[in-house]
Amino acid sequence: MDLLPIFLNIRDRKCVIVGGGSVALRKANLLSRAQARVYVVATSIGEELEALCRASNGTTVHETFTPAHLEDAALVIAATDDRATNLAVSAAAKSLNIPVNVVDEPELCSFMMPSIVDKAPVLVAISSSGTAPVLTSKLKEMIEIVIPGSIDRLANLMGSYRGRVKDKLADPDQRLQFWQDLLESEIPEMVYSGNEDAAIEAIEQRLRDRLQAAKTGRKMGEVYLVGAGPGDPDLLTLRALRLMYKADVVLYDRLVSDEIMQKLRPDADKIYMGKEQAKPSVGQETINEMLVRLAQEGKRVLRLKGGDPFIFGRGGEELETLAQAGVPFQVVPGITAANGCAAYAGIPLTHRDHAQSVRFLTGHLQEGTLNLEWEHLVREKQTLVFYMGLSGLQTICEQLIAHGMAADTPIAVIQQGTTRRQRVITDQLRSMPALAKKTGIEAPTIIIIGTVVNAREKLSWFGP
Ligand code: SAH
């Protein structure tokens, strides 16, 4: 991050604009919306700008800029087309430690003006750190569409209850849960549709219920077993995203990408479970116990897993423990690595001419060997997909050939599929082990075997 986004309180503070034209007017407008006293310095100042300054309890000064104009200023904006003046304003402000913005001259600025979505008291500020102003405008448009028009009313209503909720619910976790539940309830919709009285009644009821619950003891939390997909955050489901933002504590695996971790609620506790292939570095028992304990403490626990939790994810085992302990849970499927990697590598797993079935297998070696029913795997028109198969790659290729699969059957190895680091190599069964070694391909990888792999030549669309 090159810039620190902050929201500055400039109410009743002197804010200086150097320049008297239309750009200065726009900036003055913005400052006066934030209730600053606008102080304009320019030899010629437009009428509208004059009027705006007066209305803001500010002043206009018909002079050439000098550093003296910056006395007691909270910030300064240079909006002139004279480079020498812009330079002088920037230098003077910097020497006095006053935040300065020079319109369209990022190198002279100590702060940038963001694009804003103004639904005061709700404000969204957007910046591309000066790299792509059109992109920020587009983002602004997208945000305008998703933010309800009356979100200001909801924010004001919530604001009016803040003090009372704080008095009644002393525990910060309980307060957080109260507000989150309120946002998930019918109350926002009541406010948006103008039915504020009903909303107030509903809030009062919730507050009473919550106090009652606090007296009768803590309520049981719940566990969300969520598949995070293979890596690309755009492949998360909407439900996964919603629960990711709701959870108080997150237990996550090694395979969950950094990009996805960034989508979690920033203040959630994040606990790394660090699974390497099938053997967890934190024992499965410990994970199961932690899930139960955290839920019993009343927490909303997110168990976040790569891909889909029910495909080579031991999700079933974790749920069994929860069910036994009477902990409520829900499961959110994710895009499994086989599906994600196949799509992003341009390999359809089934195809009318090539494969009528597909099998997902684990290629994880146990005590150095792979005990699979090889004879059942060698079938016409069947695609095989191996998870955790890189260390067993040689065995897989050798065994399939030994059990009758053609040595020239196409095979693809996809590393970190769907992410920006995706690598794909394709070859024939007989030569893939050597190629994989040569290219230094690394786990996590998905291995796809079958003539469908040839489709990649035509269907590859993602990555270099
Ligand atoms: N539950 C997961 C699989 C967990 S087993 C799912 O449904 O995808 C872990 C194995 O998944 C890894 O060893 C690797 O074989 C595969 N895998 C997971 N993410 C992957 C990715 N982005 N690219 C390639 N393989 C991946």
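Since this is a predicted model, take the numbers as computed values, not measurements. Along the sequence shown, residues are numbered consecutively beginning with 1. Counting starts at 1 for both ligands and their atoms, following the listed order.
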Check your understanding: At under 4.0 Å between heavy atoms, which part of C341 makes contact with ligand 1: side chain, backbone, both or neither?
Key -> side chain

Check your understanding: Looking at I311, which atoms of ligand 1 are within less than 4.0 Å of one of its heavy atoms?
Key -> 1 (N), 2 (C), 3 (C), 6 (C), 7 (O)

Review point. Is the closest side-chain donor-acceptor distance between R208 and Q205 under 3.5 Å?
Key: yes

Review point. Quick one: does ligand 1 sit under 4.0 Å from the side chain of L390, the backbone, both or neither, non-hydrogen atoms only?
Key: neither

Exercise for review: Identify whether the distance between the nearest side-chain nitrogen and carboxylate oxygen of D181 and R300 falls below 4.0 Å.
Suggested key: yes

Practice item. State the atoms of ligand 1, each with its element, that fall below the 4.0 Å cut-off from a heavy-atom position in I414. Key: 24 (C)

Check your understanding: Counting only heavy atoms not in R162, do more than 12 sit closer than 6.0 Å to its CZ atom?
Key -> no

Practice item. Decide ring pair (Phe, Tyr, Trp, His ring centres under 6.0 Å) for Y272 and Y252; before the verdict, give the C-alpha distance in whole Å, the side-chain angles of both, and the deciding distance to 0.1 Å. Key: CA-CA 5 Å; Y272 179 57; Y252 67 100; 5.4 Å; yes

Check your understanding: Which one holds for Q416 and ligand 1: side chain close, backbone close, both close, or neither close, with close meaning a heavy atom under 4.0 Å?
Key -> backbone

Check your understanding: Against heavy atoms of A337, which atoms of ligand 1 measure under 4.0 Å?
Key -> 6 (C), 7 (O), 8 (O), 16 (C), 17 (N), 18 (C), 19 (N), 20 (C), 26 (C)

**Study point:** Residue portion contacting ligand 1 (non-hydrogen atoms closer than 4.0 Å) for L255
**Key:** side chain

Exercise for review: Taking atom NZ of K94 as the centre, report whether more than 12 heavy atoms of other residues, nucleotides or ligands fall under 6.0 Å from it.
Suggested key: yes

**Study point:** Greater than 12 external heavy atoms within 6.0 Å of E201's CD
**Key:** no

Check your understanding: Is P309 in polar range of ligand 1, meaning some N or O pair under 3.5 Å apart?
Key -> no

Revision key, fill the gap. Note: heavy atom closest to atom 5 (S) of ligand 1, options F310, F360, F312, belongs to F312

Review point. For ligand 1, is there an atom lying under 4.0 Å from some heavy atom of T418?
Key: no

**Study point:** Ion pair check, E204 and R210, cut-off under 4.0 Å
**Key:** no

Check your understanding: Going by the order shown, which atoms of ligand 1 are within less than 4.0 Å of some heavy atom of G306?
Key -> 1 (N), 2 (C), 6 (C)

Point to revise | Donor-acceptor pair between T336 and Y387 side chains, under 3.5 angstrom | key: yes

Exercise for review: Would you tell me whether E442 and Q416 have side-chain atoms, one donor and one acceptor, within less than 3.5 Å of each other?
Suggested key: no

Review point. Which atoms of ligand 1 sit under 4.0 Å from any heavy atom of T336?
Key: 6 (C), 7 (O), 8 (O)

Review point. Is Q415 close to ligand 1, meaning an N/O of one under 3.5 Å from an N/O of the other?
Key: no

Check your understanding: Do ligand 1 and T445 have nitrogen or oxygen atoms that lie under 3.5 Å from each other?
Key -> yes

